[in-house]
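FYI, side chains are in, hydrogens and waters are out, and symmetry mates aren't considered; it's all heavy atoms of this structure.
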Protein chains: 2
Amino acid sequence: MVTRALPYRPHNHQACVNQALDDARHICQQHNARLTPTRQRVLELIWQSHRPLGAYDVLAQLAAEGQNAAPPTVYRALDFLQQHGLVHRIASLNAFVGCAHPGKPHTGMFLICHQCGNVLELSAPAVSEAVRAAADRESFRTDEVTLEISGVCPRCQAEPADD
Amino acid sequence: MVTRALPYRPHNHQACVNQALDDARHICQQHNARLTPTRQRVLELIWQSHRPLGAYDVLAQLAAEGQNAAPPTVYRALDFLQQHGLVHRIASLNAFVGCAHPGKPHTGMFLICHQCGNVLELSAPAVSEAVRAAADRESFRTDEVTLEISGVCPRCQAEPADD
DNA sequence: GAAAAATTTGAAATACTATAACATTTTCAG
DNA sequence: CTGAAAATGTTATAGTATTTCAAATTTTTC
Ligand SMILES: [Zn+2]
Ligand SMILES: [Zn+2]
Ligand SMILES: [Zn+2]
Ligand SMILES: [Zn+2]
């Protein structure tokens with residue numbers, strides 16, 4: 001298992017980006033999918049930090065770079081990246097974040113710090129198991145799980161809390 | 001504990017509505033909050049079924065009844081109802097559903113059938129516990145949990161599945 | 001009960017998020 | 001090369017939510 005940096009701790013983030021791009025190239029090759037320049041650029045923009053980015057934020061940055069971009073440009077790229085498990089959509093924020101465990105099957109659980117905005121994606125088998133069990137008990141067939149925890153990360157808890 | 005009807009089974013739904021209104025009156029009294037006519041009407045509209053309703057659906061129905069209503073009218077009422085734990089927002093649907101356990105503290109877990117659209121709100125202590133434990137392990141302070149399961153309810157699994 | 005304060009509602013505009021529809025270009029297999 | 005498939009460009013529009021300021025209503029205080 002690859003150890004990943006904690007989003008809210010200072011770290012060599014360029015390593016995160018490089019890893020994400022490597023993973024993406026790998027996965028797209030496996031899937032016979034094309035990581036076109038736009039798709040790759042959107043992925044890079046999403047990975048510029050561990051904070052979820054809105055589609056229109058991505059759009060603004062693409063436009064600033066002189067790219068001919070309209071909303072569908074971004075949404076298509078994001079759809080593609082989601083489909084191949086490279087980014088996740090955070091429903092409670094209407095925003096997108098890079099997947100921390102691409103390739104591995106996982107049901108994401110997101111710890112969202114509403115102070116610093118960073119998101120940590122956990123894979124918590126015990127939680128997934130409990131969710132599955134609860135759904136089973138109702139004879140409910142689970143297709144997708146949205147699990148987003150909003151709160152305060154350790155780093156922000158320690159800080160003076162300016163607001 | 002009060003037993004509630006299962007959303008996707010035929011039941012005397014008027015009882016659900018009456019219960020919800022009774023609960024609302026009770027809770028608002030306890031909170032020294034005013035269940036004004038608009039707020040009550042919005043709650044009734046939300047409770048017209050166990051399917052989440054979009055804010056603009058509520059708006060359309062209010063308008064059809066001749067009420068002078070604009071988007072803020074509805075969003076204000078929904079905010080109020082959420083604040084007092086009478087309705088929940090389903091982030092993955094941008095829609096609102098009546099709370100099945102008003103008054104009792106609970107972290108909702110929603111089983112959303114994407115075939116019939118009905119939502120069952122579970123209180124699953126084992127899941128809540130697992131979520132809390134996973135967050136604790138990361139020293140993350142949990143404020144809000146969004147847990148939405150999309151899938152197929154027992155009734156729709158049994159049916160021929162027309163689509 | 002009247003005046004002041006607080007809460008709620010009305011109304012218009014606007015911001016933000018996402019998709020539809022169709023034309024054009026690029027890629028790739030045969 | 002050529003035709004089919006995939007990806008992108010472009011314009012318009014749909015859907016969701018908030019900002020702002022004014023007016024009305026309810027509650028509190030005197
Ligand atoms: Zn990083
Ligand atoms: Zn933080
Ligand atoms: Zn019912
Ligand atoms: Zn169903």
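- Atom CD of B:Gln67 is separated from atom P of C:dA11 by 11 Å (rounded to the nearest Å).
- One finds no side-chain N or O of B:Asn94 lying less than 4.0 angstrom from the OP1 or OP2 phosphate oxygen of C:dT17.
- Considering only residues two or more places apart in sequence or on other chains, A:Gln29 meets the side chain to side chain donor-acceptor pair (under 3.5 Å) condition with none of them.
- Taking the C1' atoms of five terminal pairs at each end of the helix from C:dG1-D:dC30 to C:dG30-D:dC1, the two resulting helix axes are inclined by 30°, rounded to 10°.
- For residues 83-98 of chain B, the set of pairs meeting the side-chain hydrogen bond (donor to acceptor under 3.5 Å, both in side chains) definition, not counting sequence neighbours, comprises B:His31-B:His84, B:His88-B:His106, B:His88-B:Glu121, B:Arg89-B:Asn94, B:Ser92-B:Glu148.
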Please report, to 0.1 Å, the donor-acceptor pairs under 3.5 Å made by any side chain of residues 66-73 of chain B, with sequence neighbours excluded.
| residue | atom | partner | partner atom | Å |
| --- | --- | --- | --- | --- |
| B:Gln67 | NE2 | B:Thr38 | OG1 | 3.1 |
| B:Thr73 | OG1 | B:Ala70 | N | 3.2 |
| B:Thr73 | OG1 | B:Ala70 | O | 3.1 |

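- Residues satisfying the side chain to side chain donor-acceptor pair (under 3.5 Å) test with A:Glu65, not counting sequence neighbours, are A:Arg41.
- Distances shown here put every side-chain N or O of A:Tyr75 at or beyond 4.0 Å from the OP1 or OP2 atom of C:dT19.
- Here C:dT17 presents its P atom at 10 Å from CG of A:Leu93, a figure rounded to the nearest Å.
- Contacts classified as side-chain hydrogen bond (donor to acceptor under 3.5 Å, both in side chains) and involving residues 46-63 of chain B (residues at least two apart or in different chains) are given here: B:His11-B:His50, B:His13-B:His50, B:Gln48-B:Gln61.
- Following rounding to the nearest Å, B:Arg89 (CZ) and D:dA17 (C1') show an atom-to-atom distance of 9 Å.
- Legend: salt bridge (charged side-chain N to carboxylate O under 4.0 Å, His left out) pairs involving residues 26-40 of chain B, not counting sequence neighbours: none detected.
- Here C:dA11 is the nucleotide among D:dA17, C:dT19, C:dA11 with the atom lying nearest to any side-chain atom of B:Ala70.
- Grouped by direct or indirect side-chain proximity (heavy atoms under 4.5 Å, Ile/Leu/Val/Met/Phe/Trp/Tyr only), B:Leu120 sits with A:Leu6, A:Tyr8, A:Met109, A:Leu111, A:Leu120, A:Leu122, A:Val127, A:Val131, A:Phe140, A:Val145, A:Leu147, A:Ile149, B:Leu6, B:Tyr8, B:Met109, B:Leu111, B:Leu122, B:Val127, B:Val131, B:Phe140, B:Val145, B:Leu147, B:Ile149.
- Taking the side-chain contact (heavy atoms from CB on, under 4.5 Å) definition, one finds that A:Ala55 meets it with A:Val74, A:Tyr75, A:Leu78, A:Phe96, sequence neighbours left out.
- In this entry the distance linking CG of B:Leu59 with P of D:dT18 reads 14 Å, nearest Å.
- Contacts between residues 30-58 of chain B and DNA chain C, counted as heavy-atom distances below 4.0 Å, involve B:Arg34, B:Thr36, B:Arg39.
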Report all interatomic pairs (protein N or O, nucleotide N or O of nucleotides 20-24 of chain C) with separations under 3.5 Å.
| residue | atom | partner | partner atom | Å |
| --- | --- | --- | --- | --- |
| C:dA21 | N6 | A:Arg76 | NH2 | 3.3 |

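- Partners of B:Asp143 by salt bridge (charged side-chain N to carboxylate O under 4.0 Å, His left out), not counting sequence neighbours, listed by chain and number: B:Arg141.
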Exercise for review: Before giving the answer on side chain to side chain contact (heavy atoms under 4.5 Å, CB included), spell out for A:Leu21 and A:Glu44 the whole-Å C-alpha distance, their side-chain angles and the decisive distance to 0.1 Å.
Suggested key: CA-CA 8 Å; A:Leu21 287 176; A:Glu44 287 171 0; 3.6 Å; yes
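- Look at B:Arg25 and B:Asp22 and you find a salt bridge, because one of the NZ, NE, NH1 or NH2 atoms lies within 4.0 Å of a carboxylate O, short of that distance.
- Whole-Å rounding puts the A:Leu78 CG to D:dA7 P distance at 15 Å.
- Taking atom CG on B:Asp79 and atom P on C:dT7, their separation rounds to 16 Å, with Å as the unit.
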